[in-house]
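Bear in mind the structure is a predicted one, so any value in this text is a computation, not a measurement.
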Amino acid sequence: MTLLQKEYNDVAYISGPLLFVNAASDLAYGAIVNIKDASGKLRGGQVISVTDQNAVIQVFEETRGLDLATASVSLVEDVARLGVSKEMIGRRFDGLGRPIDGLPEVIAEKRLSINGQAMNPAARAKPEEFIQTGISTIDVNTSLIRGQKLPIFSGSGLPHNELAAQIARQAKVPGHEGDFAVVFAAMGLTQREVSFFTQEFERTGALARSVLFLNKADDPAVERLLTPRMALTTAEYLAFEHGYHVLVILTDLTNYCEALREIGGAREEIPGRRGFPGYMYTDLASLYERAGVVDGKPGSVTQIPILSMPDDDITHPIPDLTGYITEGQIVVDRALNAKGVFPPINPLPSLSRLQGNGIGKGKTRADHKNVSDQLFAAYANGLDLRKLVAITGEDALSETDKLFLRFADDFENYFIGQGNQDRSIDDSLTVAWGILSKLPQSQLTRLGKDSIDKYYGTKMDEMWKGNRM
C-alpha cells in the first residue's frame, strides 16, 4: 500500500550506508523510504531502527553525494514488499527484485511483505516426502525431505557453486515433476559467478522452472540482507498460493552474515562472537524457519542454504548457529576435492535428521536405510584402515581388511564421484549394491538376509560409465 508522502529534512549524520534522521519517530521499523539529494536524485532505503531521538535508515545505494543540509527522506511503503506473480518463473532479478534479464517488470498479482508471515507451529505438517536431488551421497546417505531445511557446509575454493547448479537442475519430488519449482538466491557474487549461474541455468533448461535472484559483490551490503527475503517471499507465494513444491537454494550465507556484520559496525553495535552481531542467531532463524509443510496447503517450501566456512572451521559462528537451527548438514570435503572427486561430499560428518521420515518401503525402497547404514560403516572402516596402512603398510592387513580398503576407493570413485550424472534413487542404490557386493556377505552386518538375497551380486558396469576411474 502506497502511503501519503511526508518529508523529513533533519538528517543528523551519515555513517557508511546508514542515514540518521532526527524527529522521525513516526516512521515504522521496516518502512521503505526514498532519499532525495540536492540534484533531485532518489535513492531507496529501509528503516532499521526507530527511537524517540532519531530513525536509522539503510540506504540501498552508495551515500556518496548526499549532503546533510539538502537531503530529505520521504515514506514510500509501510514495510518492504515484493510484487509477486506466477510469471516470475523463468525470470532473473537482482537482489531487490528488479528484472535483470532484459524483460519487462512483472505484473504483480500481489504485493507481499518480504518478512513473511509467522508459520503457526500447530499448522505445520510432518515432513515425510523424499526429494530426489540426483546426487547419490545426498539421496542415499543424507536424504532431503520435502519441507526440510538442510544446509551445505563448504569452504573457500570448493565447488559449491557447481553443486548448487547441479541440485537446481536435477532436483524433483517423484510424482510431482509438473508442480516443482526452484527459487535460487545468490549473494555477493563476482561477475564470473553471475555469468556461470546465468549460462548454466539457460544451457540446461533449468531456468524454465526457476526464479533467480542474483546479488553481486559490488552491490550495496544492505541489498544482500534483502535478497534471501525476496527469494523466500517468492517461494512462499508459489507454494501456498499456487501449490508448487518449491526448493529454495541460498548461497552464500557467509556473504550474508558478513554484510550483517558490516551494517552492525556502521550502527556502532556492540559485537558478539568474532565481531558478528549478537542477534545473528535470531536473524538466521528468521530465514531458515520459513521452510515447511502446512496442513491444508498443497505446496511446500524446502531450503538448502549454502555457506562457506571461514578457514574450514565448522565451529565458526556462522555454521555453528546454522547447525542449531537447521535439520542436519551436508559437508563438502576439501580432501575429496583434491582427489578430483565430484561432488566432493563426505557422508561421515554429514547428517539429515529427517531422513527416516521420508525413506523406506512405499517411499524410496525398503532396503534404503540399511544400505545407507552399511555404506557409512564400511567407508568409516576403510578410512581407519588407510590410516593404519600409512603406519604399517598394506602387507600387515588381512584379506578382509584389504577388501574394505578397496571398498573405500570404490566408494569415493564410483558412488561419491558420480560427476554430472543425474541418478535416480534406484540408480544410486544399484551403484551402492555393486560396491557392497565386493565385500563378503558375512561383513554386511547392517543388511537383512532378504535384501542380501535379492540384491547381493548386483552388477552396475553401465552406471560406472563417465565416472572418475
Side-chain angles (χ1 to χ4, degrees), residues 1-83 93-100 105 113-115 187-191 213-230 255-271 275-277 279 283:
M1 171 174 91
T2 303
L3 305 179
L4 294 175
Q5 287 196 356
K6 174 184 175 182
E7 287 200 349
Y8 304 85
N9 299 301
D10 189 2
V11 179
Y13 64 98
I14 299 170
S15 174
L18 302 183
L19 203 70
F20 292 76
V21 185
N22 292 330
S25 59
D26 55 338
L27 283 175
Y29 174 82
I32 297 298
V33 298
N34 278 334
I35 301 105
K36 184 167 66 173
D37 63 18
S39 67
K41 178 184 176 182
L42 293 178
R43 297 169 171 84
Q46 184 178 25
V47 179
I48 60 172
S49 177
V50 181
T51 66
D52 291 339
Q53 289 74 38
N54 58 38
V56 183
I57 297 169
Q58 289 182 351
V59 184
F60 294 154
E61 303 163 52
E62 63 179 18
T63 53
R64 186 183 308 157
L66 282 176
D67 180 68
L68 298 181
T70 58
S72 64
V73 176
S74 57
L75 182 64
V76 177
E77 280 191 308
D78 58 340
V79 68
R81 297 180 186 274
L82 174 68
F93 304 90
D94 67 7
L96 293 177
R98 298 172 298 202
I100 55 172
E105 290 274 355
S113 166
I114 65 168
N115 296 316
M187 293 152 278
L189 296 179
T190 63
Q191 187 56 50
F213 292 87
L214 304 177
N215 164 262
K216 295 189 293 185
D218 57 354
D219 290 332
V222 178
E223 184 177 318
R224 211 153 297 145
L225 303 184
L226 300 180
T227 302
R229 291 176 170 82
M230 297 284 178
N255 293 334
Y256 172 88
C257 291
E258 287 176 349
L260 204 64
R261 178 169 60 179
E262 180 181 337
I263 298 299
R267 293 174 64 180
E268 301 178 1
E269 296 171 340
I270 298 174
F276 290 96
Y279 53 80
D283 192 280

Looking only at non-hydrogen atoms, find the nearest pair between [X] and [Y] and report the distance.
{"X": "E61", "Y": "G44", "answer": "OE2-N, 3.7 Å"}
{"X": "A221", "Y": "I263", "answer": "CB-CD1, 4.4 Å"}
{"X": "R64", "Y": "R43", "answer": "O-NH2, 2.7 Å"}
{"X": "L66", "Y": "A71", "answer": "CD2-CB, 4.3 Å"}
{"X": "N255", "Y": "G188", "answer": "ND2-O, 3.6 Å"}

Donor-acceptor contact present, side-chain R224 to main-chain G95, <3.5 Å: no

inquiry  = Between T63 and P17 (side chain of the first, backbone of the second, donor and acceptor by atom type, cut-off under 3.5 Å), is there such a pair?
reply    =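 No: the side chain of T63 does not pair with the backbone of P17.
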
With the side chain counted from C-beta on, respond yes when [X] and [Y] share a heavy-atom pair under 4.5 Å apart, and no when they do not.
{"X": "R81", "Y": "I32", "value": "no"}
{"X": "Q58", "Y": "L18", "value": "yes"}
{"X": "E62", "Y": "P220", "value": "no"}
{"X": "P228", "Y": "M187", "value": "yes"}
{"X": "L225", "Y": "Q46", "value": "no"}

With sequence neighbours left out, the residues meeting ring pair (Phe, Tyr, Trp, His ring centres under 6.0 Å) with Y256 are none

The ring pair (Phe, Tyr, Trp, His ring centres under 6.0 Å) partners of Y29 (sequence neighbours excluded) come to none

Checking [X] now: which residues fulfil side-chain hydrogen bond (donor to acceptor under 3.5 Å, both in side chains) with it, not counting sequence neighbours?
{"X": "D94", "result": "R98"}
{"X": "E223", "result": "N215"}
{"X": "E269", "result": "R267, Y279"}
{"X": "T190", "result": "E193"}

For [X], which residues count as a side chain to side chain contact (heavy atoms under 4.5 Å, CB included) partner, sequence neighbours excluded?
{"X": "N9", "answer": "E7, S72"}
{"X": "A24", "answer": "Y8, V21, L27, A55"}
{"X": "S25", "answer": "none"}
{"X": "E268", "answer": "none"}

Nearest 0.5 angstrom please: [X] [atom1] to [Y] [atom2], how far?
{"X": "F213", "Y": "T227", "atom1": "CZ", "atom2": "OG1", "value": "9.0 Å"}
{"X": "N22", "Y": "D52", "atom1": "CG", "atom2": "CG", "value": "12.0 Å"}
{"X": "F20", "Y": "L68", "atom1": "CZ", "atom2": "CG", "value": "12.0 Å"}
{"X": "I114", "Y": "M230", "atom1": "CD1", "atom2": "CE", "value": "4.5 Å"}
{"X": "D67", "Y": "D37", "atom1": "CG", "atom2": "CG", "value": "9.0 Å"}
{"X": "D218", "Y": "L189", "atom1": "CG", "atom2": "CG", "value": "10.5 Å"}

Across all chains, not counting sequence neighbours, the salt bridge (Lys or Arg N to Asp or Glu O under 4.0 Å) partners of R261 are none

Quick test of your reading: applying salt bridge (Lys or Arg N to Asp or Glu O under 4.0 Å), list the pairs with at least one residue in residues 13-31, sequence neighbours left out, ordered by first then second residue.
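Listed by first then second residue: K6-D26.
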
Considering the options I57, L19, V59, L42, which one meets the side chain to side chain contact (heavy atoms under 4.5 Å, CB included) requirement together with V33?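 Looking at I57, L19, V59, L42, the match for V33 under the side chain to side chain contact (heavy atoms under 4.5 Å, CB included) is I57.
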
